[in-house]
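Worth saying up front: this structure is predicted, and the values here are computed from it rather than measured.
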Number of protein chains: 2
Amino acid sequence: MPSSAKRSTAAPPAHESPTYPEREARGLALWVALTRAQDSVAQHSAADIARHGITGGEFGILELLYHKGPMFLNEVQKRVLVSSGGVTYLVDRLVERGLLERRLCQSDRRARYAALTRKGRALLRQVFPEHARAIADAVSALTPEEQKQARILLRKLGLGAKARLGPRPVGDE
Amino acid sequence: MPSSAKRSTAAPPAHESPTYPEREARGLALWVALTRAQDSVAQHSAADIARHGITGGEFGILELLYHKGPMFLNEVQKRVLVSSGGVTYLVDRLVERGLLERRLCQSDRRARYAALTRKGRALLRQVFPEHARAIADAVSALTPEEQKQARILLRKLGLGAKARLGPRPVGDE
DNA sequence: ACAATTTACCTTAGTACTGAGATACTTAGT
DNA sequence: ACTAAGTATCTCAGTACTAAGGTAAATTGT
């Protein structure tokens, strides 16, 4: 039964890992934990969403419109984590399924806004509470207090990291 | 200059958002903060890595082998967040670039292990410390104490969520 | 009024994967 | 030895995007 134990007699040679200064080690450990946690919860989310034949990106748009109401596509793009081409692609697919409508803006003919159809609204009214429960279950390893604390820390982390993205390093290099 | 302000006279109608029980609202807020934070830091990581013409997945494998030494491909697959086909694909590309070698296992001819070439090791020796600094910068909105706390919470969250994935809901539907 | 710029959205080509199934080998049982 | 089952890896078709560039409409400056 120990199938790979036998093989390990021929396993690659041992190896010494380099070490890093405390600041770097701390940052890396946080980054790894952050990615692993996100991935695990994302799998819960995706599994729940997939039951309805929708991808995460599609659900993001549906959910946004369900909660915030009809919205111009450029505003949609700012709020979800996909590119502008991605919004077009996702909205196309949702329109094909009859969950979403594109409507023209009268005062600006470049602009369109997206709105849920009755069918889309009905779907989300049914699906979203279940989804919320699935997410709440997924994060329930943390107590309510810990969840609040984690949210505060993550918000600070996320906003800080985002702010550091824009300003290009000028000067040396 | 307020370009979209004009348009908002024709904007979609206001809308009432549904509300949810506290437990769900808390979980969703945490999930959003988690995803946003991960995305922002991931952009720092990707930007740093891209300077060397490598993707995140490729870097993950290189970094793993750099720190842990040669390893069987199935072990690699367990440690990075990609599928088995993905590992093959990524390793192929790294081999093509001369950064990695596939070696046969003598006692089990099904198995192969991957090892950095001298060139790969040299690349990572140069690149990884910079990368560690980039990540440390990206998360530096949190104090060292906050980073530790966040790491602990995220680890608990991630492991808990992962543990809840396996057990399939048996029974109805 | 007219060119230049900006903004909004879409199209196209390409990328980095995933998932299912195929292949090749090993192990266990008879 | 032969069969069955298990494991390690690869192949290939398909997916969900991204990035760059294009078109149309609005805005600005002259």
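Protein atom CZ of A:Arg102 is 16 Å distant from nucleotide atom P of C:dA8, rounded to whole Å. Going from atom CG of A:Leu104 over to atom C1' of D:dA26 covers 15 Å, rounded to whole Å.
For residues 118-129 of chain B, there are no salt bridge (Lys or Arg N to Asp or Glu O under 4.0 Å) pairs, not counting sequence neighbours.
Taking B:Glu63 as the reference, nothing meets the salt bridge (Lys or Arg N to Asp or Glu O under 4.0 Å) condition, with sequence neighbours excluded. Residues passing the salt bridge (Lys or Arg N to Asp or Glu O under 4.0 Å) test with B:Arg23, sequence neighbours excluded: A:Asp137. Remark: A:Asp39 pairs with no residue by the salt bridge (Lys or Arg N to Asp or Glu O under 4.0 Å) rule, at least two apart or across chains. Listed by chain and residue number, A:Ile54, A:Thr55, A:Leu90, A:Arg93, A:Leu94, A:Arg97 satisfy the side chain to side chain contact (heavy atoms under 4.5 Å, CB included) test with A:Glu58 (two or more places apart in sequence, or in another chain). Not counting sequence neighbours, the partners of A:Arg51 by the salt bridge (Lys or Arg N to Asp or Glu O under 4.0 Å) test are A:Asp48, A:Glu130. In terms of the side chain to side chain contact (heavy atoms under 4.5 Å, CB included) criterion, residue partners of B:Val127 (sequence neighbours excluded) are, by chain and number, B:His52, B:Phe59, B:Leu123.
B:Val87 comes within 4.0 angstrom of nothing in the nucleic acid, heavy atoms only. As judged by a 4.0 angstrom heavy-atom cut-off over every strand, B:Leu81 is placed among residues touching the sugar-phosphate backbone only.
Between B:Leu154 and A:Leu154, the closest side-chain pair of non-hydrogen atoms falls below 4.5 Å.
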Below 3.5 Å between N/O atoms, which protein atoms pair up with nucleotides 20-23 of chain D? Just atom names and distances, please.
none

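Among D:dA8, C:dT11, D:dA26, the nucleotide with an atom closest to any side-chain atom of B:Asn74 is D:dA8.
Proximity of B:Arg109 to the phosphate of C:dA24: no side-chain N or O atom is located under 4.0 Å from OP1 or OP2. Dashed line: the shortest gap from a side-chain N or O of B:Tyr89 to OP1 or OP2 of C:dA16 is under 4.0 Å. Phosphate proximity of C:dT27 to B:Arg110: absent, as no side-chain N or O sits under 4.0 Å from OP1 or OP2.
Taking a 4.0 Å limit (strictly below) on heavy-atom distances, residues 43-59 of chain A reaches DNA chain D at A:Thr55, A:Gly57.
Put simply, the side chain of B:Gln147 gets close to the backbone of B:Leu142: a donor and an acceptor are under 3.5 Å apart.
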